[in-house]
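Here is the structure we will look at, set down as C-alpha cells.
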Amino acid sequence: MVFFFIGGVVPKTVRVDDKPRDCAECGGQGTAYLQRVDHYFSLFFVRLFPLTRGEPFLQCEKCNTTSLPGDAPARSSKQVCSNCGWQLQPEFRFCPICGSSLF
C-alpha cells in the first residue's frame with residue numbers, strides 16, 4: 001500500500017483590526033492597517049491549524065510601506081512584498097518568505 005503525503009507550512013496575512021491609520025511615509029490618511037503574517041500547517045493545500053502568529057505591523061495600501069505600530073518608517077529603496085509584507089532586497093524577483101512574484 002502506497003500513501004502520498006502533501007503537506008507543509010503556508011503563510012497567511014491576517015488583518016488584525018479594521019481601524020484605518022495614517023501612513024507616515026506617503027501621507028495617506030486612513031490607508032494603513034494593522035496586519036500580521038501567521039503560518040499554518042496545511043495538508044493537501046488545505047490550512048488545518050495555525051503554527052505561529054506573527055508580530056503585528058502596519059502596511060499602507062497606497063504605497064505598500066510596512067512599519068511597526070507607532071514608528072515612523074524610514075525612507076528606503078527596498079521593496080516590500082504585497083502578499084506578506086516582508087521587506088525585500090531590490091534584486092529579488094520572488095519573496096523568500098511566501099514565494100509571491102514581485103512583477
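Position 1 is the first residue of the sequence; numbering continues from there. Values reported hereafter were calculated over all heavy atoms of this structure, with side chains retained and with hydrogens, waters and symmetry mates removed.
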Next on the checklist: With salt bridge (Lys or Arg N to Asp or Glu O under 4.0 Å) as the rule and sequence neighbours excluded, what pairs involving residues 40-66 come up?
Outcome noted: R15-E61
Checklist entry - How does the hydrophobic cluster around F41 look, that is, which other residues are in it when side-chain heavy atoms under 4.5 Å mark a link? => result F5, I6, V9, L43, F44, F45, V46, L48, F49, L51
Checklist outcome for this item: Members sharing V2's hydrophobic cluster, built from side-chain contacts under 4.5 Å between Ile, Leu, Val, Met, Phe, Trp and Tyr, are F4
Could you pull out the closest heavy-atom pair between [X] and [Y], with the gap in Å?
{"X": "T13", "Y": "C84", "answer": "OG1-CA, 3.3 Å"}
{"X": "G30", "Y": "P20", "answer": "O-CB, 3.5 Å"}
{"X": "C81", "Y": "L88", "answer": "N-CD1, 3.7 Å"}
{"X": "T31", "Y": "C60", "answer": "OG1-SG, 3.2 Å"}

Checklist entry - Same cluster or not: are V14 and F57 linked, directly or through other Ile, Leu, Val, Met, Phe, Trp or Tyr residues, by side-chain heavy atoms under 4.5 angstrom apart? => result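 V14 does not cluster with F57.
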Checklist entry - Transitively linked via ILVMFWY side-chain contacts under 4.5 Å: L58 with Y33? => result no
Next on the checklist: Does any part of the side chain of N83, heavy atoms only, come nearer than 4.5 Å to the side chain of C98, both counted from C-beta?
Outcome noted: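 SC-SC contact between C98 and N83 confirmed.
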Checklist entry - Does any non-hydrogen side-chain atom of T65 lie less than 4.5 Å from one of Q59? => result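 Q59 vs T65: side chains apart.
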Item to check | Interatomic distance, T52 atom OG1 to R36 atom CZ [nearest 0.5 angstrom] | outcome: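 Answer rounded to 0.5 Å: 10.0 Å.
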